[in-house]
Amino acid sequence: MRFAAIADIHGNCAALEAVLLDIGAQGIATNAIVNLGDCFSGPLEADRVADLLISLDLPTVRGNHDRYLIEQARADMYASDAAAYDLLLPDHLEWLNSLPVSLTWQRDVYLCHATPDDDNTYWLESVSPDGAVHLRPRAEIEARAEGISQSLILCGHSHLPRAVQLSDGRLIVNPGSVGCPAYDDDTPVYHRVEAGTPMASYAICETGDAGWTVSFRLVRYDNMAQSRLADENGRPDWAAGLATGWLA
């Protein structure tokens with residue numbers, strides 16, 4: 001089996017289109033792509049991403065920001081969710097509402113957005129009291145994988161490409177973010193997540209006699225056009241992240 005995993009598009013249609021072209025160039029068909037959620041939220045082109053994803057009909061799980069778009073009132077949304085919500089049509093929201101929070105694909109691949117029981121918690125990373133983001137201890141990672149029998153586990157949410165092998169040989173992979181290379185958050189404490197590159201990230205997973213292998217791919221696209229769009233929409237933080245992969 002050989003397939004591509006994408007996650008955390010966040011309304012960046014130019015990045016998504018570039019990633020899809022790169023996936024095709026690697027000889028991977030559209031029906032061998034899975035999507036780990038957080039599709040739309042951000043000050044970019046949520047409506048274009050929605051039209052494209054719905055037409056592709058990829059196996060997709062719902063992310064925390066996808067959930068906010070269908071559970072929260074517009075007045076209660078933070079800026080990135082509100083910006084996306086204003087561009088989305090009822091059919092787009094209906095599609096979000098139809099997504100599962102997790103699923104098993106091709107029998108041996110488990111998909112969720114963040115963790116199996118919480119769509120807003122980093123699985124592979126933790127945040128220290130001073131705001132440093134680092135690899136979570138293996139015992140804590142493995143505790144959240146209890147009861148999952150699949151040999152490959154996919155998650156997103158942190159926007160950081162990473163692979164962690166568990167003590168029993170199972171592999172957890174985060175493909176990184178297609179469309180949002182840098183952001184800040186105040187949960188559990190204020191911290192920044194910065195990929196350090198503006199390129200769109202995804203992963204190719206392949207199984208063989210020795211088990212799973214993973215290739216992380218970084219794809220160039222016209223990120224400066226998206227940076228300018230974010231700035232025009234009043235989000236200098238997004239503009240900086242999209243331009244450089246850093247928030248400042």
Side-chain angles (χ1 to χ4, degrees), residues 3-24 28-106 109-114 118-120 154-157 159 175-180 183 200-202 219 221-223 225-226 228-230 232-235 238 242:
F3 71 96
I6 64 174
D8 295 288
I9 303 163
H10 283 280
N12 191 334
C13 195
L16 175 59
E17 290 173 338
V19 162
L20 292 172
L21 283 174
D22 193 76
I23 291 171
I28 297 174
T30 303
N31 64 3
I33 304 172
V34 299
N35 176 17
L36 306 177
D38 272 8
C39 303
F40 305 143
S41 290
L44 301 175
E45 298 176 300
D47 50 346
R48 291 188 61 208
V49 171
D51 288 341
L52 181 52
L53 287 180
I54 291 172
S55 71
L56 293 173
D57 194 27
L58 309 178
T60 300
V61 293
R62 190 174 70 206
N64 59 308
H65 283 281
D66 301 324
R67 176 171 58 83
Y68 302 155
L69 288 169
I70 57 176
E71 288 188 357
Q72 294 182 346
R74 168 63 173 79
D76 296 330
M77 293 179 183
Y78 286 109
S80 292
D81 301 319
Y85 184 86
D86 289 344
L87 294 175
L88 295 174
L89 300 174
D91 286 352
H92 301 152
L93 297 174
E94 183 178 338
W95 179 78
L96 280 182
N97 201 46
S98 72
L99 299 179
V101 297
S102 65
L103 63 86
T104 298
W105 184 71
Q106 299 291 348
V109 183
Y110 177 88
L111 281 62
C112 67
H113 174 68
D118 186 344
D119 65 9
N120 199 22
L154 300 178
C155 66
H157 189 56
H159 298 202
S177 175
V178 168
C180 179
Y183 67 91
S201 180
Y202 79 97
V219 180
Y221 70 101
D222 190 358
N223 59 295
Q226 296 300 95
R228 289 189 294 271
L229 177 59
E232 291 167 4
N233 288 333
R235 294 299 300 273
W238 273 72
L242 289 164

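- Contact detail for Y221 and A200: the closest heavy-atom pair is CE2-N, 4.0 Å.
- Under the 4.5 Å side-chain criterion, counting only non-hydrogen atoms from C-beta, I9 is in contact with N35.
- With a 4.5 Å cut-off on side-chain heavy atoms, V109 and V34 do not count as touching.
- Closest approach of A7 and P175 over heavy atoms only: CB-CG, 3.9 Å.
- Counting only heavy atoms from C-beta outward, the side chains of F40 and L53 approach each other to under 4.5 Å.
- Side chains of L242 and R228 form no contact here, defined as non-hydrogen atoms less than 4.5 Å apart.
- L52 has its side chain within reach of L20: a pair of non-hydrogen atoms, C-beta onward, lies under 4.5 Å apart.
- By the 6.0 Å contact criterion, CZ on F3 is enclosed, its count of non-hydrogen atoms from other residues, nucleotides or ligands being greater than 12.
- Taking each heavy atom of S102 and Y110 in turn, the nearest pair found is CB-OH, 3.4 Å.
- A search for side-chain contact (heavy atoms from CB on, under 4.5 Å) contacts involving D51 returns H92, not counting sequence neighbours.
- Closest of all the heavy-atom pairs between D118 and N120 is OD1-N, 2.8 Å.
- Contact between D8 and S177 at its shortest, heavy atoms only, is O-OG, 2.7 Å.
- Counting heavy atoms from C-beta on, the side chains of L44 and V49 never come closer than 4.5 Å.
- With hydrogens and angles disregarded, no donor-acceptor distance shorter than 3.5 Å links the side chain of D81 to the backbone of L69.
- Remark: L21 engages no residue in a side-chain contact (heavy atoms from CB on, under 4.5 Å) (not counting sequence neighbours).
- The local environment of CD in E94 is sparse, with at most 12 non-hydrogen atoms from other residues, nucleotides or ligands closer than 6.0 Å.
- When each of H10, H157, H113, H159 is checked for a ring pair (Phe, Tyr, Trp, His ring centres under 6.0 Å) with H65, only H10 meets the rule.
- Using a 4.5 Å heavy-atom threshold, the side chains of N12 and V178 count as separate.
- N233 contributes a side-chain N or O that, together with a main-chain N or O of P43, makes up a donor-acceptor pair within less than 3.5 Å.
- The shortest non-hydrogen separation linking I70 to L93 is CG2-O, 3.7 Å.
- With sequence neighbours excluded, the residues forming a side-chain contact (heavy atoms from CB on, under 4.5 Å) with D66 are D38, C39, R62, L96, listed by chain and number.
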